[in-house]
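Quick note: residue numbers are just sequence positions, from 1.
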Amino acid sequence: MHAAYTLPGDAVFPEGITTAPGGAFYVGSSRDGTIYRGSLDRPDTEVWLPAGTDGRTRVLGLTVHAGARLVVCGGATGRLYVYDLQTAALVAQRAVPSENPLLNDVWVIGDTAYATDSHTPVVWRLTLGDSDAATGEFEVFARVEGAGELPYLNGITATPDGSALLVGAQGDDSLWRVDLTTAEATRIEVGAPFGPDGMLLLGDALYGLVNEGTSHADVVFYLSEVCIAADGRSGTEVRRWREDVFAVPTTLAYARDRLLLVNSQLNRADAGAPFQVVSVPLPE
């Protein structure tokens, strides 16, 4: 497994990443919607779907459904795209019924996708199908009203026991538990500011990319680890650290005992190639 993977292009500004069966991973461009595919065993990646395909002009969060489909957040387009991993064919696409959406990240439980909206304090729900006709329509699943005037919902995953969603609110650096039965949103105190961009759960260890700073110019990203209760009702930050290879990492995935982090370089409008995914070992 390599220490870094290079994405082709001079203005990629990558944002989302997910792994798939067989050692593949997928990364999206926040600037033009290109989706890249890489292999854990090769340092170079390739364009899997070109920019603009199916009207896809932005890509933020990504996840894999049932080991066979790639689910893609379209950012300010308000669209969620579903692709067949084998053929790259579009299975379905849906738009949220909102005038000013920003679909940022997505998590799938069973056959249901849950997506965070960074422009409104809403978690959207969409039932996935095996075709466009079989896929449902977006509906509001939960409102995270307590996250502040500008909550900027972002990272999302599930609790260890699967009873709830964990949602990060970057606007006020907070973590929320959204019950899957009642849709009630409850703030989780972890002993430190924790409103992660991307999140990853491994056992009871919740990893999140959190940042400090008041603007893109002075932002600093850290990798934070929170020990989370099985039901997600409590947690404690264990550590927070940085690596020299970090270049504003926004989200992360896990493969072969290492973390894959997307170096977005979003703090630099003039940033150029190479844009990379970096691989770092899990802390002991």
Side-chain angles (χ1 to χ4, degrees), residues 1-54 56-65 67-75 77 79-86 88 90 103-108 115-116 154-157 196-200 207-209 221 223 243 245-256 258-268 271-280:
M1 184 169 176
H2 292 268
Y5 303 88
T6 300
L7 305 168
D10 294 327
V12 178
F13 296 95
E15 217 282 350
I17 186 172
T18 190
T19 56
F25 63 89
Y26 295 82
V27 181
S29 168
S30 66
R31 286 295 173 89
D32 63 17
T34 301
I35 299 177
Y36 305 87
R37 180 173 60 186
S39 169
L40 296 173
D41 299 317
R42 296 195 302 271
D44 296 322
T45 66
E46 62 183 1
V47 172
W48 189 63
L49 286 173
T53 307
D54 307 311
R56 196 190 61 256
T57 57
R58 297 287 186 273
V59 169
L60 298 183
L62 304 166
T63 195
V64 168
H65 171 227
R69 297 182 182 91
L70 183 68
V71 184
V72 179
C73 282
T77 68
R79 291 190 169 272
L80 197 74
Y81 302 85
V82 184
Y83 291 97
D84 186 290
L85 286 177
Q86 293 298 317
L90 181 69
L103 292 189
N104 203 319
D105 207 354
V106 60
W107 191 252
V108 175
T116 53
N154 202 327
I156 185 170
T157 187
D197 194 326
M199 285 197 294
L200 171 70
Y207 295 95
L209 286 161
F221 271 76
L223 189 55
E243 300 279 355
V245 295
F246 287 5
V248 188
T250 50
T251 192
L252 69 169
Y254 172 75
R256 298 181 188 172
R258 295 178 71 87
L259 299 176
L260 301 176
L261 291 90
V262 175
N263 272 347
S264 72
Q265 300 191 71
L266 288 173
N267 63 325
R268 291 182 52 207
F275 289 90
Q276 293 183 321
V277 172
V278 295
S279 167
V280 299

On a heavy-atom basis, the closest approach of Tyr81 and Asp54 is CE2-O, 3.5 Å

Could you tell me whether the side chain of Arg42 and the main chain of Tyr5 form a donor-acceptor pair under 3.5 Å? no

Any side-chain heavy-atom pair of Val47 and Tyr36 under 4.5 Å: yes

Verify, without hydrogens or angle tests, whether Thr63 (side chain) and Val71 (backbone) share a donor-acceptor contact under 3.5 angstrom. no

With a 4.5 Å limit on heavy-atom distance, are the side chains of Leu223 and Leu209 in contact? yes

Polar side-chain atom of Ser30 near backbone of Phe13 as donor-acceptor pair, under 3.5 Å: yes

Run the side chain to side chain contact (heavy atoms under 4.5 Å, CB included) test on Arg256 and Thr19 for me, step by step, so that the C-alpha distance in whole Å, both residues' side-chain angles and the decisive distance to 0.1 Å come before the verdict. CA-CA 11 Å; Arg256 298 181 188 172; Thr19 56; over 6 Å; no

Strictly under 6.0 Å, is that where the ring centroids of Tyr207 and Tyr254 end up? no

Distance, nearest 0.5 Å, that separates OH of Tyr83 from CG of Leu62: 11.0 Å

Exam field: side chain Asn263 to backbone Val278, donor-acceptor pair closer than 3.5 Å: no

For Asp84 and Gln86, indicate whether the former's side chain and the latter's backbone hold a donor-acceptor pair under 3.5 Å. yes

Pair Leu70, Val64 - check side chain to side chain contact (heavy atoms under 4.5 Å, CB included), show working. CA-CA 5 Å; Leu70 183 68; Val64 168; 4.3 Å; yes

Any heavy-atom pair between the side chains of Val59 and Ser29 that's under 4.5 Å? no

Gap between atom CG of Leu259 and atom CG of Leu200 - 0.5 Å precision: 6.5 Å

Please assess Tyr26 against Val72 for the test side chain to side chain contact (heavy atoms under 4.5 Å, CB included), listing each intermediate value before the final yes or no. CA-CA 10 Å; Tyr26 295 82; Val72 179; over 6 Å; no

I'd like to know if the side chain of Thr57 reaches the main chain of Asp32, judged simply by a donor and an acceptor atom lying under 3.5 Å from each other, with no hydrogens or angles considered. no

Determine whether the side chains of Thr77 and Arg58 contain a donor N or O and an acceptor N or O closer than 3.5 Å. no

Quick check: closest heavy atoms across Leu260 and Ala255, and the distance to 0.1 Å? CD1-CB, 4.4 Å

Please lay out, stage by stage, how Leu7 and Thr34 fare under the test side chain to side chain contact (heavy atoms under 4.5 Å, CB included). CA-CA 10 Å; Leu7 305 168; Thr34 301; over 6 Å; no

Measure the CD1-CG distance between Ile17 and Leu261 for me, rounded to the nearest 0.5 Å. 8.0 Å

Given side chains that start at C-beta, do those of Leu40 and Arg258 come closer than 4.5 Å, heavy atoms only? no

Check whether Arg79 reaches the backbone of Gly74 with its side chain - one donor and one acceptor, N or O, closer than 3.5 Å. no

Going by distance alone, is a donor N or O of one side chain under 3.5 Å from an acceptor N or O of the other, for Asp105 and Asn154? no

Please name the pair of heavy atoms, one in Thr6 and one in Thr45, separated by the smallest distance, quoted to 0.1 Å. O-OG1, 2.8 Å

Compare every heavy atom of Pro249 with every heavy atom of Phe221, then report the nearest pair and how far apart it is. CD2-O, 2.9 Å

Closest approach of Leu103 and Leu60, non-hydrogen atoms and distance? O-CD1, 3.5 Å

Say whether, by atom type as modelled, one donor and one acceptor occur between the side chain of Ser264 and the main chain of Glu15 under 3.5 angstrom. no

Kindly compute the distance separating CG (Asp197) from OG1 (Thr251), expressed to the nearest 0.5 Å. 6.5 Å

